[in-house]
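Written out below as structure tokens is the structure these notes cover.
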Protein chains: 2
Amino acid sequence: MDMDAFLARLQNYVTLPGPTRAAMSSVRHVLRQMPRGKSIINEGEVLKRVHVIQKGWAIRKRILEDGRRQILNFLMPGDIFDLQAMIDSRSDHAIETITLCEVRSIPTQEFLALVSEHPALASALWWSTVQEEGILREHIVRVGRRNAIERISHLLIELRRRLILSESADADESVSLPLSRQLIADAVGLSPVHVSRTISSMRRMGLVSANGHLRVLDWDSLASIAGYDDQYLHLDARPLDMTGCVNVGDRETTA
Amino acid sequence: MDMDAFLARLQNYVTLPGPTRAAMSSVRHVLRQMPRGKSIINEGEVLKRVHVIQKGWAIRKRILEDGRRQILNFLMPGDIFDLQAMIDSRSDHAIETITLCEVRSIPTQEFLALVSEHPALASALWWSTVQEEGILREHIVRVGRRNAIERISHLLIELRRRLILSESADADESVSLPLSRQLIADAVGLSPVHVSRTISSMRRMGLVSANGHLRVLDWDSLASIAGYDDQYLHLDARPLDMTGCVNVGDRETTA
DNA sequence: CGCTCGGTTGAGATAATTCAAGTGCAGTGG
DNA sequence: CCACTGCACTTGAATTATCTCAACCGAGCG
């Protein structure tokens with residue numbers, strides 16, 4: 001597979017010119033295979049590279065002093081992270097694989113050079129930041145104002161939607177998700193046993209099947225239970241004409 | 001007051017050169033005064049301008065079909081919003097004033113031109129985006145994995161911290177916050193009556209006073225109850241050398 | 001003066017948690 | 001091939017945090 005997951009995802013909304021695509025595939029990088037449960041970035045770690053998930057799933061997470069864990073987001077093929085390496089030295093959260101993963105890392109400087117030479121890429125990254133913020137906000141709503149079954153349903157639907165965008169899944173295919181009860185619990189702010197109970201009842205309703213891997217049977221009912229609305233993913237977004245704009249060149253900084 | 005709240009805030013981490021500051025104050029804009037409770041942006045609205053809170057407080061919020069409300073974030077003097085107007089036409093959430101506000105709006109195109117001519121500004125905006133994402137993530141942790149008193153304490157501390165950064169408050173001054181029980185409840189995902197009860201008990205503990213406006217008496221105890229840690233605000237951030245980077249120029253896009 | 005609105009407080013209901021025991025499957029070693 | 005162990009999941013029962021409903025209070029305002 002020479003088609004990069006990252007590229008595939010970006011192409012959803014920006015058509016990247018040939019030279020840009022070429023430059024992206026030839027940029028200096030490291031491709032690492034990592035087993036499940038391995039930490040990619042630790043909280044407080046100094047960031048020196050930008051990463052792209054090539055295969056597999058990972059999570060962003062925060063751990064409180066007493067061990068409580070909150071999953072902030074799921075990362076799947078094509079997702080880029082640690083863009084903030086470009087201005088900020090330390091990560092405020094950790095990143096960990098939850099399946100076998102292939103992760104590509106690009107040194108910050110190389111990445112910046114790439115972006116500066118390929119404007120369409122800058123615009124694409126800006127879009128991906130907007131989308132990610134939307135996802136974070138929706139996660140707040142999910143956890144803050146929805147009950148157990150709504151939270152879980154809403155999460156599952158988002159994940160499928162994003163999986164389809166990443167081109168790792170087809171729309172009709174009944175996607176199977178690599179999620180344990182514990183992961184779901186820490187993502188939506190419930191206890192694992194309550195998640196288990198809730199999923200059991202969803203199974204009884206014929207919404208999902210859960211022998212081994214979790215599999216959704218009825219996306220439509222799920223969406224209506226969850227009150228799901230795509231808008232926050234900004235799938236309709238089209239880049240504005242940014243000609244001649246946003247040239248982050250030299251900086252005049254002190255401190 | 002010729003010193004712009006936005007400028008003041010940006011100066012926290014990037015020193016903007018004189019010409020940049022001059023350009024910022026002379027950019028074409030509209031300055032609006034709005035009473036409390038007025039909507040600045042509606043969910044789904046097409047975004048055409050970038051906004052800066054000059055005075056007062058506002059909230060980002062989402063309303064579910066059945067009326068449940070989730071406050072996503074608070075906006076205070078110096079906060080900029082709708083940067084996403086630059087690529088995306090529709091807002092996925094609403095913005096509403098919660099005090100008397102002064103809001104400055106700049107047409108997207110003018111703003112883009114400003115940024116493109118003043119690289120230090122681009123770097124500053126990138127920082128502010130990173131900070132905002134950090135705030136969103138911390139809000140997820142707050143709502144997902146903390147109990148009532150922790151949520152409320154943590155929120156209050158963050159707000160004070162940001163208020164100090166915005167230079168609308170002094171560090172020693174015992175800040176008074178324009179928050180109703182209902183607002184706090186919708187921010188941290190609780191019912192207003194439970195918030196009221198929790199605050200009552202905080203008052204009994206000598207942590208806050210709440211005659212009329214809410215006022216914190218003991219920040220240190222509050223911080224230790226909340227398990228508060230500044231890291232996510234990235235106050236230590238220093239812009240990297242982005243020389244020659246991120247030139248979002250022409251785009252090669254198709255639909 | 002009488003309203004309205006935010007806040008407080010009580011009592012009962014409910015959603016979710018904790019603790020604990022039990023099930024079933026996958027992997028390992030004999 | 002079978003037993004043994006570990007681990008994720010399930011289920012029950014008791015507990016707790018939070019919610020809802022409802023009454024009441026007090027300040028601000030026409």
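Residue numbers begin at 1 in each chain, while the letters A, B, ... track the order of the sequences.
Residue contacts for Ala148(B): at a heavy-atom cut-off of 4.0 Å it reaches the sugar-phosphate backbone alone, with no base atom in range. Contacts of Arg203(A) with the nucleic acid, taken as non-hydrogen atoms under 4.0 Å apart, involve only primed sugar atoms and P, OP1 or OP2. Within the nucleic acid shown, Ile199(B) has no heavy atom closer than 4.0 Å to any nucleic acid atom.
Rounded to a whole Å, the NE2 atom of His194(A) is 15 Å from the P atom of dT14(C). As a whole-Å value, the separation of Leu183(B) CG from dG6(C) P is 10 Å. Between Arg145(A) atom CZ and dC19(D) atom C1' the separation is 11 Å, expressed in whole Å. Between Glu150(A) atom CD and dA15(C) atom P the separation is 12 Å, expressed in whole Å. Distance CG (Asn211(B)) to C1' (dG6(C)): 14 Å, rounded to an integer number of Å. Taking atom CD1 of residue Ile152(A) and atom C1' of nucleotide dA16(C), one finds them 12 Å apart after rounding to whole Å. Distance Gln182(B) CD to dC5(C) P: 13 Å, rounded to the nearest Å. Atom CD1 in Ile184(B) sits about 17 Å away from atom C1' in dC19(D), given to the nearest Å.
Residues of residues 64-71 of chain B having a heavy atom closer than 4.0 Å to DNA chain D: none are found.
Residues Arg68(B) and Ile63(B) have side chains not in contact (no heavy-atom distance under 4.5 Å, counting atoms from C-beta outward).
When the side-chain nitrogen and oxygen atoms of Ser196(B) are compared with OP1 and OP2 of dT8(C), one or more of them lie within a distance under 4.0 Å. A close approach under 4.0 Å does not occur between any side-chain nitrogen or oxygen of Ser200(A) and OP1 or OP2 of dC9(D). Within the structure, every side-chain polar atom (N or O) of Ser180(A) is placed at least 4.0 Å from both OP1 and OP2 of dA8(D).
Residues Leu64(B) and Arg145(A) share a closest heavy-atom pair of CD1-O, 4.1 Å.
Using bins of under 30°, 30° to 60° and over 60° for the plane-to-plane angle, the ring pair His51(A)/Phe81(A) lands in the parallel bin.
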**Request:** Could you go through the side chain to side chain contact (heavy atoms under 4.5 Å, CB included) check for Gln70(B) and Asp186(B) one step at a time?
**Result:** CA-CA 5 Å; Gln70(B) 176 67 47; Asp186(B) 286 338; over 6 Å; no
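At least one donor-acceptor pair closer than 3.5 Å links the side chain of Ser153(A) to the backbone N or O of Ile149(A). Using modelled atom types, one side-chain atom of Ser201(B) and one backbone atom of Thr198(B) make a donor-acceptor pair closer than 3.5 Å.
Taking the nucleotide of DNA chain C with the nearest heavy atom to each of Arg146(A) and Leu179(B), the more 5' of the two is matched to Leu179(B). When each of Leu190(B) and Val193(A) is assigned the nucleotide of DNA chain D bearing its nearest heavy atom, the one mapping closer to the 5' terminus is Val193(A).
A donor and an acceptor atom never sit less than 3.5 Å apart when one is taken from the side chain of Arg197(B) and the other from the base of dG7(C).
With salt bridges taken as basic N to acidic carboxylate O contacts below 4.0 Å, one links Glu132(B) and Arg60(B).
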